[in-house]
Participant: 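Structure below; questions to follow.
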Amino acid sequence: MSATYILFWFLSALAVVSALMVLFSKNPVHSVLWLIAVFFAISGHYILMNAQFLAIVNIIVYAGAIMVLFLFVIMLMNLNKETEPRKNIWMKLAGAIAAGSLLMILVSLVGQATELSHRNLLMKDGDIGLIKNLGKILFSQYVVPFEITSILFLSAMVGAVVIGKKD
Amino acid sequence: MSQTPLIQILFLSVGLFFIGMYGLLTRRNVITILMSIELILNSVNINFVAFNKYLYPHQLEGLFFTIFIITIAAAEAAVAIAIIINLYRSHHSVDVEDANELKW
């Protein structure tokens, strides 16, 4: 029971509990804050799996940009009071059954994968996820997808402005 | 240097995926539905990074997939929030059940 293992379990429990709290909190602002906790836990997992740059990118992009956008929209639309007024019990039941049965299928599949069951991940080892190695490959092998991503961003920005403007 | 079974990371990913799936199916607030989608994308990201570390620990394919997923999630969130603002302007609510003009 090493320190890394304890840290892994702590981060996993934090991620799952925060994800449940995202769904079960009525106030959308609380949901956003719990979701930021999920993102920080997942960034901890990335650091344990030697993806240091990815952990920082995850925090900057998700917790810094996307969640702040969500918070702005919630505050602008005055949604920070108790929403979800009427509960449809059949809807919740159907969602629980559908998601739960799919969950059971995937859990049993992962549990039966004997190929994976005794494999271990080396944690806290290697420096392949550092920005130096990652940037070299990103700008040599993956330069075409990188540029296509920039076109995607440009079109998304134009689309957001066109859709969101008052007419 | 310590070892963690791969299967525990996969169970974490499955759990997060279906918490997000339950939210996607049951919530009515569009913003919460969008947050559930972000949760699902993040669970997939954990899978990519774990399998990259497990299968090819000296290559970076899974990490690049994850980076591109994060960028696409950012673009998707921007467009979706523009749509939500427009929906709120025309319907004065963000409940998905109120926007039923395309229903039949």
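Quick note: numbers below take in every heavy atom, side chains included, and nothing from hydrogens, waters or symmetry partners. Model, not experiment: these values are computed from the prediction. Order of the sequence lines fixes the chain letters, A, B, ..., with proteins taken first and strands second; residue numbering starts at 1 for each chain.
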Participant: Which atom pair, heavy atoms only, marks the closest approach of B:Ala77 to A:Ile66?
Facilitator: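 Shortest heavy-atom contact: CB-CG2, 3.8 Å.
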
Participant: A:Phe153 versus chain B, heavy atoms under 4.5 Å apart: side chain, backbone, both or neither?
Facilitator: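 When you check distances to chain B, only side chain atoms of A:Phe153 fall under 4.5 Å.
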
Participant: What is the distance from atom CG of B:Leu63 to atom CD of A:Gln52, rounded to the nearest 0.5 Å?
Facilitator: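 Here the rounded value is 9.5 Å.
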
Participant: Which atoms of B:Leu60 come close to chain A, meaning under 4.5 Å heavy atom to heavy atom: side chain ones, backbone ones, both, or neither?
Facilitator: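 Looking at B:Leu60, just its side chain touches chain A.
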
Participant: Between B:Asn42 and A:Asn58, is there a side-chain heavy-atom distance shorter than 4.5 Å?
Facilitator: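 In contact.
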
Participant: I want to check something: taking the side chain as every heavy atom from C-beta on, are B:Phe18 and A:Met104 in contact at a cut-off of under 4.5 Å?
Facilitator: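 With C-beta onward as the side chain, the pair stays apart.
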
Participant: For the residue pair A:Leu23 and B:Ser36, establish whether any side-chain heavy-atom pair is separated by less than 4.5 Å.
Facilitator: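 Yes, close enough: below the 4.5 Å cut-off.
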
Participant: If hydrophobic clusters are built from ILVMFWY residues whose side chains come within less than 4.5 Å, do A:Leu14 and B:Leu12 share one?
Facilitator: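 In one cluster: no.
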
Participant: So what's closer than 4.5 Å to chain B heavy atoms on A:Ser12: side chain, backbone, both or neither?
Facilitator: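 Both parts, heavy atoms under 4.5 Å.
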
Participant: Minimum heavy-atom separation for A:Val61 and B:Ala74, please, with both atom names.
Facilitator: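 Minimum heavy-atom contact is CG1-CB, 4.3 Å.
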
Participant: Kindly indicate whether the side chain of B:Met35, heavy atoms from C-beta on, has any atom under 4.5 Å from the side chain of A:Trp34.
Facilitator: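 No, every pair of side-chain atoms sits at 4.5 Å or beyond.
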
Participant: Does any heavy atom of chain B fall under 4.5 Å from the side chain of A:Ser25, the backbone, both, or neither of them?
Facilitator: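 Backbone only.
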
Participant: Using heavy-atom distances under 4.5 Å, tell me whether B:Leu24 contacts chain A through its side chain, its backbone, both, or neither.
Facilitator: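 It is neither, since no heavy atom gets under 4.5 Å.
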
Participant: What's the verdict on side-chain contact (heavy atoms from CB on, under 4.5 Å) for A:Leu134 and B:Ile67, showing C-alpha distance, side-chain angles and the deciding distance?
Facilitator: CA-CA 11 Å; A:Leu134 202 136; B:Ile67 288 175; 3.8 Å; yes

Participant: Measuring only between side-chain heavy atoms, which start at C-beta, is B:Phe17 closer than 4.5 Å to A:Leu103?
Facilitator: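 When only atoms from C-beta onward are counted, A:Leu103 and B:Phe17 do not touch, as no gap falls below 4.5 Å.
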
Participant: At a 4.5 Å cut-off on heavy atoms, which part of A:Ala96 comes close to chain B: side chain, backbone, both, or neither?
Facilitator: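 Both backbone and side chain of A:Ala96 come within 4.5 Å of chain B.
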
Participant: Find the one option among A:Val22, A:Val32, A:Leu76 whose heavy-atom pairs under 4.5 Å with chain B are most numerous.
Facilitator: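 So the answer, after comparing A:Val22, A:Val32, A:Leu76, is A:Val32.
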
Participant: Taking the side chain as every heavy atom from C-beta outward, state whether B:Leu41 and A:Tyr62 have any pair of such atoms under 4.5 Å apart.
Facilitator: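 Side-chain contact under 4.5 Å: yes.
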
Participant: For A:Phe72, which atoms come within 4.5 Å of any heavy atom of chain B: side chain, backbone, both, or neither?
Facilitator: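 Looking at A:Phe72, nothing touches chain B.
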
Participant: Using side-chain heavy atoms (C-beta onward) and a distance below 4.5 Å, is B:Glu38 in contact with A:Val38?
Facilitator: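 With C-beta onward as the side chain, the pair stays apart.
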
Participant: With rounding to the nearest 0.5 angstrom, report the CD1 to CZ distance, A:Ile148 to B:Phe68.
Facilitator: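 Separation between the atoms: 8.5 Å.
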
Participant: Against chain B, work out which of A:Leu69, A:Asn133, A:Leu152 has the most heavy-atom pairs shorter than 4.5 Å and name it.
Facilitator: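 Looking at each of A:Leu69, A:Asn133, A:Leu152 in turn, A:Leu69 comes out on top.
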
Participant: Within a strict 4.5 Å, meaning less than it, do heavy atoms of the A:Tyr46 and B:Asn45 side chains meet?
Facilitator: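 In short, these two side chains touch, coming nearer than 4.5 Å.
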
Participant: At what distance, to the nearest 0.5 angstrom, does CZ of A:Phe146 lie from CZ of B:Phe64?
Facilitator: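 A:Phe146 CZ to B:Phe64 CZ: 10.0 Å, rounded to 0.5 Å.
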
Participant: Judged by atom type as modelled, is there a donor-acceptor pair below 3.5 Å linking the side chain of B:Tyr88 to the main-chain atoms of A:Met77?
Facilitator: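 Side chain of B:Tyr88 to backbone of A:Met77, a donor-acceptor pair under 3.5 Å: yes, one is there.
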
Participant: Roughly how far apart are B:Asn29 CG and A:Ile74 CD1, rounded to 0.5 Å?
Facilitator: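 If I round to the nearest 0.5 Å, the distance is 7.5 Å.
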
Participant: For the residue pair A:Gly164 and B:Ala82, what are the closest heavy atoms and their distance?
Facilitator: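 Closest approach of A:Gly164 to B:Ala82, heavy atoms only: N-CB, 4.1 Å.
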
Participant: To the nearest 0.5 Å, how far apart are CD1 in B:Ile46 and CD1 in A:Ile42?
Facilitator: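 If I round to the nearest 0.5 Å, the distance is 4.0 Å.
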
Participant: Using a 3.5 Å distance criterion without hydrogens, assess whether the side chain of B:Asn86 forms a donor-acceptor pair with backbone atoms of A:Ile163.
Facilitator: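 Pair found, side chain donor or acceptor close to backbone of A:Ile163.
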
Participant: At a 4.5 Å cut-off on heavy atoms, which part of B:Leu16 comes close to chain A: side chain, backbone, both, or neither?
Facilitator: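 Interface part for B:Leu16: side chain.
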
Participant: Yes or no on side-chain contact (heavy atoms from CB on, under 4.5 Å) for A:Met49 and B:Tyr54, after CA distance, side-chain angles and deciding distance?
Facilitator: CA-CA 10 Å; A:Met49 287 189 273; B:Tyr54 159 63; over 6 Å; no

